[in-house]
Amino acid sequence: MSPRLFDEWRSEWRLKRGLAAYVAALMDEPDPEDVAWLAAAACDGDRDRAAWELRYARRALGLVVSQRDALDDRTGSLVARELAVALQADRNVAPAMLKVAERQFNDRLTTYRDVLTSRAPSEGTGARLGRAVLQTAGTARASDDMVARAGDLLARYMGEANEALRHAFGAPSLPPDLPPSTPSR
């Protein structure tokens with residue numbers, strides 16, 4: 001095997017390994033305390049619905065993070081494809097409900113992507129994320145404390161996704177002689 005071919009193979013192997021690790025992190029189950037809180041706050045006590053809203057939120061935000069923050073332009077599309085496979089294999093989804101789960105995930109993905117790309121001078125991203133998860137969970141009106149807690153929860157999911165992305169694919173770095181605002185040569 002030529003050194004160049006070996007380097008390409010090793011690079012692909014690292015990408016696949018990083019991809020698997022990243023998607024596995026997105027498939028983590030939500031914390032039971034967070035599920036209990038969201039169930040009580042927005043889902044009329046329905047823990048199953050609360051767990052699904054938090055699963056969708058973690059996965060959708062993780063996909064957005066991979067598309068927005070990855071070092072390689074391919075990463076977002078590779079994560080989307082791998083996440084779709086993982087969602088189809090999710091043991092929490094009854095086979096007959098797979099299409100419904102895919103549609104619900106895509107609806108949440110659109111919602112969170114819109115929240116992250118919109119700008120509202122009167123409200124920060126955390127509050128918009130908190131309001132979005134509470135609305136998709138069934139709450140039309142939420143107190144400022146509920147919105148803040150939900151926003152903190154989803155901000156944590158985004159932070160965890162960024163950390164998992166860096167761990168799986170590497171952290172961005174510039175040469176020491178090139179400040180971030182300097183155009184590349």
Determine whether a donor-acceptor pair (N or O, by modelled atom type, separation under 3.5 Å) exists between the side chain of Tyr22 and the backbone of Gly62. yes
Quick one, Leu154 and Leu61 - any side-chain contact, counting heavy atoms below 4.5 Å? yes
Got Leu83 and Phe105 here, is their nearest side-chain heavy-atom distance under 4.5 Å? yes
Would you give the length of the straight line joining atom CZ of Arg156 to atom CG of Leu129, rounded to the nearest 0.5 angstrom? 13.5 Å
Can you check side-chain contact (heavy atoms from CB on, under 4.5 Å) on Glu53 and Asp48, steps first, answer last? CA-CA 9 Å; Glu53 290 302 336; Asp48 186 55; over 6 Å; no
Close side-chain approach of Tyr112 and Val133, heavy atoms under 4.5 Å: yes
Here the gap from Tyr56 atom OH to Leu87 atom CG, rounded to the nearest 0.5 Å, amounts to 8.5 Å
With salt bridge (Lys or Arg N to Asp or Glu O under 4.0 Å) as the test, would you mind laying out the steps for Arg149 and Asp144 before giving the verdict? CA-CA 9 Å; Arg149 181 163 178 183; Asp144 290 343; over 6 Å; no
Flag the pair Thr125 / Met158 as yes when at least one side-chain heavy-atom distance between them is below 4.5 Å, and no otherwise. no
Taking all non-hydrogen atoms of both residues into account, name the closest pair between Leu26 and Arg58 and its distance. O-CD, 3.3 Å
Asp34 side chain to Pro30 backbone, donor-acceptor under 3.5 Å: no
Test your reading of the model: is there a side-chain donor-acceptor pair from Thr136 to the backbone of Ala132, 3.5 Å cut-off? yes
Does Arg128 use its side chain to pair, donor to acceptor, with the backbone of Val115 at less than 3.5 Å? yes
Tell me, with the steps shown, if Val100 and Arg103 meet side-chain contact (heavy atoms from CB on, under 4.5 Å). CA-CA 5 Å; Val100 171; Arg103 189 186 77 245; 4.3 Å; yes
Is there a side-chain contact between Arg49 and Leu38 in this structure, where contact means two heavy atoms from C-beta onward sitting under 4.5 Å apart? no
Using every non-hydrogen atom in the two residues, find where Ala41 and Thr139 come nearest and quote the distance to one decimal. O-OG1, 3.5 Å
Asn162 side, atom CG; Asp69 side, atom CG - distance, nearest 0.5 Å: 4.5 Å
With side-chain contact (heavy atoms from CB on, under 4.5 Å) as the test, would you mind laying out the steps for Asn92 and Trp52 before giving the verdict? CA-CA 9 Å; Asn92 293 304; Trp52 271 108; 3.5 Å; yes
Looking at Met146, is its backbone amide N or carbonyl O close enough to the side chain of Ser143 to form a donor-acceptor pair, meaning the two atoms are under 3.5 Å apart? yes
Derivation and outcome, side-chain contact (heavy atoms from CB on, under 4.5 Å), residues Arg59 and Val23: CA-CA 8 Å; Arg59 295 165 187 177; Val23 170; over 6 Å; no
Any idea which heavy atoms bring Ala142 and Val147 closest together, and the distance? CB-CG2, 3.8 Å
Counting only heavy atoms not in Arg68, do more than 12 fall under 6.0 Å of its CZ? yes
Roughly how far apart are Gln88 CD and Leu98 CG, rounded to 0.5 Å? 5.5 Å
Is there a side-chain contact between Leu63 and Leu109, using heavy atoms and a 4.5 Å cut-off? yes
Does atom CG (Asp114) have a neighbourhood of more than 12 heavy atoms from anything else shown, all under 6.0 Å? yes
